[in-house]
Asks: 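Take a look at the following structure, please.
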Amino acid sequence: MASELDNVAAQFEPLSVHTNPEICRAALSQVMRLHVNGIDCARLLPGMLKLLAHPDLVTKKAVYHCTAMYASKNPELSLLAVNTLMQECSDSNPLIRGLALKTLTSLNHETFVEYCLRGINQGLSDKSVYVRRVAARCCARVYQQNVDLYNDGTLVNQLYNMLRDSDPIVVVNSMMALEEILSKEGGIVINKNIANHLLNNLMDMTHWGQCYILNILQKYKPKTQDDTFNMLNILDAFLVSQNTAVTTACLQLFLSLISSLPHLRPQVFKRYIKNIVAAIPQGNPELVFHILDHLNSYREEIKAELQPHYSIFFCKGSDPLYLKKLKLNMLPHLTMPSHAKEILSEIFLHTSSSSREISLWALKAVTVVFKCDASTAPIVIKKLKQLIDSENPQTLSNIFRVVRSLNLNEIEGGSEIIAKIASKHQKLTDTEGQLAFLSVLSQYGNLLEDSPYIIEEYVENFPNETNSVIKYQLLMTCVHVFFHHPAAMQGILGQVLELCIQDADKSVQSQALLYYRLLNHDVEHTKIITSIEMQELQEL
């Protein structure tokens, strides 16, 4: 590897390399390749510094880049580069002036900070927009190298003056620099004059700049309602912007400004939603997810405005999993009697999804629709029966996990669902499904006469069971079902208690001892305790 570095170093020696741009580019490309491969090329810096003043712009840019990478390793040698860079900060070409200043502030050594400040002061007053943009952005970079330089406030005042620059990108770069430099003091201070100036020039900003300024303006609190409404009038155009990021940032500022006027929130949300829903069917998945996630944070407050647009929350075949999950999370909360069946039909399409996660989220959504509109009970029961009959282990497992949240004791046909579930329990192969089934038996053991005999099958397999969580759940299920079928469960419960007390797992053992002592002391009192335990589990 040393020989390869020597070969590259030798290429910088001939005089021809300083006159032929192609040779320069070839030599520098080799340096770049070595650097990308993790080789330290600091020893090549002397040869590269000879090309700093090269007239070829591509060569100059490559040398600037390499100098910034290795200057901190050889500050004495890099001082030669500083002199050249300072000269080029006054070059007639604004592109070279900007690149020189950017490189100068990238040297990242306290020795060069004084030169950096001189370059920045010169750049902030440059006639070229590009140079002023670079100078404003470089202020924060130098601040990171030496925080104490800003104690006198000179450069901070310059940056505040730059907020009135004619170029919108210079303004945004200056704000970003101030926000970082003054971070310990809470960031940039926005007064009435600055706020009005930024708002009046907001239309000239880039979309990214508009978002940044709208977020920064949340720091400003108008002193009078007149000032607030003047700002709202200016911002109204951005609330219906075609750019969803700008619209969302504007909404956040609106809500901040009307925090003392809560009666205006419905009107603001109405205008926002009317504009934003048009972007959902047309946007890419990442954009749609951002919009829906933001809407979801205000779901209860804006539900009435979203309900007429429920169809835009239907999943597409091309939607990625993360977007389908979010849609299935939001869709059931938009249920109304007029379109409950349509929403249920959409959700049930995903209950048999090949993705276990999507299937589970769809079934959870079904339970939410059911709770929002009790009239959907016959449809839900019918569809659940069909899904159970499909005997898909993954779907069965998910059904068992969500059916616990339905109060089947009060639903017509609930006992049929429990009976169907019990007849398919042997199809379960995963731990989550088995735990969910045992939990269902605990909750609805009164609806199933055969529950003691089903439990008996699990008890027979207890010595071979290695999962302590299943053992723990089986113990709880036996105790709960015992109070529904005491005669049939008495012997089974005694056997389970004995097995659990002898188990190696301390949590299973201690819980078995607790149940044993409670039952031995007062059966009725134990029944009350277990019923409270069951209520807490249902709420969970």
Asks: Between His294 and Tyr298, is the gap from one ring center to the other below 6.0 Å?
Replies: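 Under 6.0 Å, so yes.
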Asks: How many angstroms lie between CD1 in Ile358 and OG1 in Thr351, if you round to the nearest 0.5 Å?
Replies: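 Result: 12.0 Å between the selected atoms.
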Asks: Say whether Glu346 and His350, considering side chains only, have a donor N or O and an acceptor N or O under 3.5 Å apart.
Replies: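 Yes, His350 and Glu346 have a side-chain donor paired with an acceptor closer than 3.5 Å.
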Asks: Calculate, to the nearest 0.5 Å, the distance between atoms CZ and CG belonging to Phe313 and Leu331 respectively.
Replies: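 Here the rounded value is 8.0 Å.
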Asks: Do you see a donor-acceptor pair shorter than 3.5 Å between the side chains of Lys219 and Ser256?
Replies: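 There is no such pair between these side chains.
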Asks: Checking Asp236 side chain against Leu232 main chain: does a donor-acceptor pair fall under 3.5 Å?
Replies: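 The answer is no, because no donor-acceptor pair under 3.5 Å joins these two groups.
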Asks: Is any side-chain heavy atom of Pro168 closer than 4.5 Å to a side-chain heavy atom of Thr206?
Replies: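 They are not in side-chain contact.
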Asks: Is there side-chain contact between Cys138 and Arg141, with heavy atoms separated by less than 4.5 Å?
Replies: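 Yes, close enough: below the 4.5 Å cut-off.
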Asks: On a heavy-atom basis, which atom in Ile194 and which in Val189 lie closest, and how many Å separate them?
Replies: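 What the structure gives for the nearest pair is CD1-O, 3.7 Å.
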Asks: So Leu251 and Leu239, do their side chains get closer than 4.5 Å, heavy atoms only?
Replies: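 Yes - at least one pair of side-chain heavy atoms lies under 4.5 Å apart.
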Asks: Before accepting this row, confirm whether a basic side-chain N of the pair Asp227/Lys192 lies closer than 4.0 Å to the acidic partner's carboxylate O.
Replies: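 Answer for the salt bridge query: yes.
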Asks: Between the side chains of Tyr310 and His333, is a donor N or O closer than 3.5 angstrom to an acceptor N or O?
Replies: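 No, because no side-chain N or O of Tyr310 sits under 3.5 Å from a partner of the opposite role on His333.
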Asks: Apply the side chain to side chain contact (heavy atoms under 4.5 Å, CB included) test between Phe269 and each candidate in Leu295, Ile276, Ile302, Leu264; give the one that qualifies.
Replies: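 When side chain to side chain contact (heavy atoms under 4.5 Å, CB included) is applied between Phe269 and each of Leu295, Ile276, Ile302, Leu264, only Ile302 qualifies.
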Asks: Rounded to the nearest 0.5 Å, what separation is found between the OG atom of Ser183 and the CG atom of Leu178?
Replies: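 Those atoms lie 11.0 Å apart.
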Asks: Please walk me through it: do Asp505 and Ser507 pass side chain to side chain donor-acceptor pair (under 3.5 Å)?
Replies: CA-CA 6 Å; Asp505 189 279; Ser507 61; 2.3 Å; yes
Asks: If we ignore hydrogens and angles and just use 3.5 Å, is the side chain of Asn296 paired with the main-chain N or O of Arg299 as donor and acceptor?
Replies: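 Not a single qualifying donor-acceptor pair exists.
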Asks: Thinking salt bridges, do Arg356 and Asp430 make one under a 4.0 Å N-O criterion?
Replies: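 Yes.
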Asks: Report yes if some heavy atom in the side chain of His35 is under 4.5 Å from a heavy atom in the side chain of Met69; otherwise report no.
Replies: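 Yes, side chains in contact.
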Asks: Could you give me the CA-CA distance, side-chain angles and deciding distance for Gln122 and Ser90, then say whether side chain to side chain donor-acceptor pair (under 3.5 Å) is met?
Replies: CA-CA 9 Å; Gln122 186 176 329; Ser90 302; 2.9 Å; yes
Asks: Nearest 0.5 Å please: distance from the SG atom of Cys250 over to the OH atom of Tyr272.
Replies: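 Rounded to the nearest 0.5 Å, the SG-OH separation comes to 10.0 Å.
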Asks: Working note: Ile347 + Leu363, criterion side chain to side chain contact (heavy atoms under 4.5 Å, CB included); need CA distance, chi angles, decisive distance, verdict.
Replies: CA-CA 8 Å; Ile347 294 172; Leu363 286 164; over 6 Å; no
Asks: Can any side-chain N or O of Arg401 pair as donor or acceptor with the backbone N or O of Ala436 at less than 3.5 Å?
Replies: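 Between the backbone of Ala436 and the side chain of Arg401 there is no qualifying donor-acceptor contact (under 3.5 Å).
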Asks: Taking all heavy atoms of Ala62 and all of Leu28, pick out the closest pair and write down the distance.
Replies: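 Between these two residues, the closest heavy atoms are CB-CD1, 3.8 Å.
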Asks: Is the closest side-chain heavy-atom distance between Met231 and Tyr220 below 4.5 Å?
Replies: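 A side-chain contact exists here, since the closest heavy-atom pair is under 4.5 Å.
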Asks: Would you give the length of the straight line joining atom NE2 of His65 to atom OG1 of Thr103, rounded to the nearest 0.5 angstrom?
Replies: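 The OG1 atom of Thr103 is 10.0 Å from NE2 of His65, to the nearest 0.5 Å.
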Asks: State, yes or no, whether a side-chain contact exists between Leu292 and Leu323 at a heavy-atom distance under 4.5 Å.
Replies: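 In contact.
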Asks: Is there a side-chain contact between Val288 and Asp319 (heavy atoms, below 4.5 Å)?
Replies: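 Heavy-atom side-chain distance check fails, nothing below 4.5 Å.
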Asks: Answer whether the closest heavy-atom distance between the side chains of Leu155 and Val142 falls below 4.5 Å.
Replies: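 Result no, sub-4.5 Å side-chain heavy-atom pair not found.
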Asks: To the nearest 0.5 Å, how far apart are CD in Glu342 and OG in Ser311?
Replies: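 Here the interatomic distance stands at 7.0 Å.
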